[in-house]
Amino acid sequence: MDNRPIGVFDSGLGGLTVLKKMMELFPGESLVYFGDNGRAPYGTKSKETVTKFTFQDVRFLLNQDIKMMVIACNTASACSYEAVTQAFDFPIVEVVRPGALAAVKETRNKKVGVIGTVATVGSGVYEKAIHKLDSTIQIYQRACPLFVPLAEEGWWENDIAERVAQEYLIPLKEEGIDTLVLGCTHYPILEKTISKVMGDEVKLVNSAFEVAKLVNEITESNCMKRDENVKPVYRYYTSDSVEKFESLGSAFLGEKIYSVEKVDIERY
Ligand code: DGL
């Protein structure tokens, strides 16, 4: 038994879509979330910069007396997961491989689309991860850099979001994909708009559920579950405006977030 919390981070609010699935699957666990809103987006930055930021995020969470960590950011997972696991001897879960697994399970016609940030798509990690599971799958990728600012702005279902989605996604639809991987943890928040453009015949998948399942398996098999009689605690930190995190973060999570604390992440 281990009553310490699980640490989760993202460049901003997107990782809350993963946190939400974790809360649903194992409501008894305590969670600590860090959103690096002050330096988001990560997806337009170089691998070196993303890796520097990721190491600081990891060091901050390690200071919170956590028992394991989830990199709830595809960009940080794509650019820096290997370096992080080499540097820290600590249980850390990333989001790319679970997302790839979800796509492979879902596709019938073996034509899979992947959307993500410029850094994630450019890294080719999804292609590698999907082909490791099934080398016969055809993959069509597209970077959608405007989706993150739209999500962080709360513009999830308006005309502008739909127009941007059409511009990015119609070429993928025309390839005849039957599955689309939302390879950025911000994108599930735009799911309705994305689905409107892609149509019902294209299944949207994201890694949140597979990640939550994996975390659950790891805590169970290593006797790291929390004592169910002890009430879980949720703590939130951001490197930018606390008020903005509270209001928009609550919308991302679908429940009220209270008492967010500000962190000077450059200190870590
Ligand atoms: N939510 C993040 C991801 O999954 C990053 C978005 C960004 O900061 O560009 O890639």
Side-chain angles (χ1 to χ4, degrees), residues 7-22 33-58 61 69-82 84 92-100 102-103 113-127 129 141-156 161 164 168 180-191 194 204-212 236-241 244-245 248-249 251-253 265:
V8 180
F9 76 88
D10 178 40
S11 61
L13 301 170
L16 292 171
T17 60
V18 178
L19 195 86
K20 189 177 162 93
K21 280 282 171 275
M22 291 169 64
Y33 184 88
F34 172 64
D36 196 5
N37 302 72
R39 304 188 297 188
Y42 280 13
T44 51
K45 297 190 170 72
S46 68
K47 183 173 176 167
E48 291 68 36
T49 302
V50 173
T51 302
K52 178 189 156 204
F53 290 176
T54 302
F55 270 70
Q56 289 177 313
D57 303 341
V58 168
L61 281 177
M69 191 184 311
V70 177
I71 304 180
C73 174
N74 287 266
T75 307
S77 299
C79 296
S80 325
Y81 179 66
E82 251 179 62
V84 160
I92 302 179
V93 167
E94 54 85 55
V95 288
V96 171
R97 272 142 280 255
V114 176
I115 54 173
T117 65
V118 172
T120 300
V121 168
S123 74
V125 279
Y126 268 101
E127 208 167 353
Q141 301 202 70
R142 182 86 205 240
C144 305
L146 292 177
F147 278 176
V148 170
L150 284 171
E152 296 254 336
E153 200 52 43
W155 288 14
W156 303 343
V164 171
Y168 286 143
L180 180 64
V181 181
L182 307 184
C184 170
T185 53
H186 282 71
Y187 296 178
I189 217 75
L190 298 165
E191 196 161 346
I194 295 172
L204 308 185
V205 299
N206 71 73
S207 52
F209 181 63
E210 295 292 338
V211 168
Y236 299 91
Y237 296 90
T238 178
S239 55
D240 198 35
S241 155
K244 191 167 178 199
F245 189 101
L248 205 52
F252 263 74
L253 195 61
I265 194 65

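These figures come from a predicted structure and were not determined experimentally. Reckoned from all heavy atoms, side chains included, excluding hydrogens, waters and symmetry mates. Atoms within a ligand are numbered from 1 in the order they appear, just like the ligands themselves.
- The structure places CG of Leu146 at 12.5 Å from CD of Glu153, a figure rounded to the nearest 0.5 Å.
- Counting heavy atoms closer than 4.0 Å to ligand 1, residue Val148 contributes side-chain atoms (C-beta onward) but none from N, CA, C or O.
- Of the polar atoms of Thr120, none of the N or O atoms is found under 3.5 Å from an N or O of ligand 1, judged by distance alone.
- Residue Thr44 places no N or O, backbone or side chain, under 3.5 Å from any N or O of ligand 1.
- Of the protein's heavy atoms, His186 ND1, 2.7 Å lies nearest to atom 1 (N) of ligand 1.
- Taking only nitrogen or oxygen atoms, main chain and side chain alike, Gly43 reaches within less than 3.5 Å of ligand 1.
- Tyr236 OH to Leu13 CG: the interatomic distance, rounded to the nearest 0.5 Å, is 11.5 Å.
- Looking from atom 10 (O) of ligand 1 to the surrounding protein, the closest heavy atom is Thr75 OG1, 2.7 Å.
- Proximity of Cys73 to ligand 1 is established by a heavy-atom distance of less than 4.0 Å.
- Remark: Leu182 CG to Tyr187 OH distance equals 9.0 Å, nearest 0.5 Å.
- Considering backbone and side-chain N/O of Thr117, none are found under 3.5 Å from N/O of ligand 1.
- Within a 6.0 Å sphere centred on CH2 of Trp156, other residues, nucleotides and ligands contribute more than 12 heavy atoms.
- Taking atom 5 (C) of ligand 1 as the reference point, the nearest protein heavy-atom neighbour is Ser11 OG, 3.3 Å.
- In the vicinity of Tyr42, heavy-atom distances shorter than 4.0 Å reach the ligand 1 atoms 7 (C), 8 (O), 9 (O).
- Phe9 has its side chain within reach of Ile71: a pair of non-hydrogen atoms, C-beta onward, lies under 4.5 Å apart.
- Within the listing of ligand 1, atoms 7 (C), 8 (O), 9 (O) sit less than 4.0 angstrom from a heavy atom of Pro41.
- Looking only at side-chain heavy atoms (C-beta outward), Asn74 and Val96 come within less than 4.5 Å of each other.
- Of the options Thr49, Asp240, Asp57, a side chain to side chain contact (heavy atoms under 4.5 Å, CB included) to Arg39 is made by Asp57 and by none of the others.
- Put simply, OG1 on Thr17 and CG on Asp10 are 7.5 Å apart, with the number rounded to the nearest 0.5 Å.
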